[in-house]
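I am attaching a structure below and will ask some questions about it afterwards.
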Amino acid sequence: MDHPLPKELKAADFFNDERVKKAKSLLLEALADKQKEISSIQPALPELKIPYEQLIQAFGNLRGTPLFYPYIGSGIGRGPLVELMDGSIKYDFISGIGVHFLGHSNADIVASSIDSAISNTVMQGPLQQNIDSLELIKLLTEASSFDCCFLTTSGAMANENALKLAFHKSYPASRILAFDHSFSGRTLALAQVTDKPAYRKGLPKTVDVDYIPFYDYRLGDESIERAANALRMYLKRYPKQHAAMIFELIQGEGGFYPGTKLFFTTLMEILKESNIVIIADEVQTFGRTSKLFCFQHFELDRFVDIATIGKLSHSCATLFRKGLIPEKGLLSQTFSSSTVSIKASSVIIKSLLEGEYFGEQGKNMLLERHFHNKLQALSSRWPDLIRGPFGMGAMVAFTPYDGTYEKTFDLAKRLFDKGVICFIAGENPTRIRFLLPAGAITTEDIDVVSDIIEKALVEGK
Ligand SMILES: Cc1ncc(COP(=O)(O)O)c(C=O)c1O
């Protein structure tokens, strides 16, 4: 396909040069040929076992902490399958904690990365952005109906920028509202918002946060009343002191707990009455439910003032309404993202919007139903070994055994050894979670993984 640049530009001549096009198609052809050899889980190659162990050791030492999994990728994969440096091929059902939604070595992303590699700059930023940045923020604002979009390099920075916008607008309000067990990132400010004392151990207090209990599906409506009462209590205790409330609409790190439309609208109506900015932290949920944004899935469009995205979007972003445009200088940075991630981001978001992912019959929800049915069948066969399924859309989880961290962690390791990569989430219980590479899998892949889950579960009982 020709590069869509005005033909008068030298860049158009360059990107559409026959040599460039030929080189690109040869590279993609070579990749596709090699990928044919990647079709199922493979054990490690015996001759690479010792060198691999040395690499893992060296990585942990240089980083200062051991790796969670002995995972060092080689640089090639095929959809949900990925090759590691020991020659093993594994099913990646966590996709870098939610990054590789279209799978490994996706041809469209590789093609856009080739364009990025021959582009003039590796990094883009506020003083030097290419047309790619504009294309991306147009896509995001049109798909979300927000007015503005500020790109950045991580989910945490997208949330930092969201908090700044909210504080700036609501000055001198200085408190934040968040949910129990929420996760927002690990900067100094966000380590206070994230409801996990271990993540802020030894760090100075940077912001006052009041926590509201999240929706509890076991209590139903009672939990809506409980949260609304807690919110009213804080608003009364600290009048006009709250700048924003951060909503994680499906708690991710907390253990894959979704709220409901009624739960969110009840709280959001109270917040609107008090003019408190509503932030939807979609760093983990973006692209994974029945709509592109999870706030659209729960029909909260009219309430949300700011939404943040990351992970599968590659380039992270803070989307916001006109009324929140800050004075000069509040938001800036050297890098907004790399050219590779900006171009890849557009490829991914277009693919989400043009593919058949959304709606109740879209791929995200179909994969959820299929995986949930498989896990339900496992829990009927092994009622003492597995509870669940939990989660929504391309976020699927279950509680193994008694839900203790140790037993769940052991199962995650056993699954890794058997060729399935997952991760854990939540405390009391700790769950096994999957962030499905929905763009790269079929129900048959879920069947293969479910059989492996059953074997690993039974082995650990
Ligand atoms: C809901 C949520 N917000 C923010 C973040 C932080 O994103 P990052 O790790 O890119 O800084 C995460 C990461 O897991 C997340 O799940």
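One-based numbering, in listed order, for ligands and for the atoms of each. Small disclaimer: the values here were computed from a predicted structure and weren't measured.
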Please confirm whether Arg321 makes a cation-pi placement over Phe146, using NZ or CZ under 6.0 Å from the six-membered ring centre and within 45° of the ring normal.
-> yes
So do Arg369 and Glu360 actually touch side chain to side chain, heavy atoms under 4.5 Å?
->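 The answer is yes, as the side chains (C-beta and beyond) meet within the 4.5 Å cut-off.
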Anything with a heavy atom under 4.0 Å from ligand 1 counts, so go ahead and list those protein residues by chain and number.
-> Ser154, Gly155, Ala156, Asn159, Phe183, Ser184, Gly185, Glu248, Glu253, Asp281, Val283, Gln284, Lys311
What is the distance from atom CG of Leu231 to atom CD1 of Ile212, rounded to the nearest 0.5 Å?
->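 If I round to the nearest 0.5 Å, the distance is 4.5 Å.
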Cation-pi check, Arg288 to Phe101: give yes when NZ or CZ is under 6.0 Å from the six-membered ring centre and within 45° of the ring axis, no otherwise.
->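 Arg288 over Phe101 ring: no.
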Among residues two or more places apart or on two chains, list those pairs meeting side chain to side chain donor-acceptor pair (under 3.5 Å) that have a residue in residues 397-410.
-> Thr399-Arg431, Tyr401-Arg414, Asp402-Thr404
Quick one: are Pro400 and Leu457 in side-chain contact, heavy atoms under 4.5 Å?
->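 Side chain of Pro400 against side chain of Leu457, heavy atoms only: contact under 4.5 Å found.
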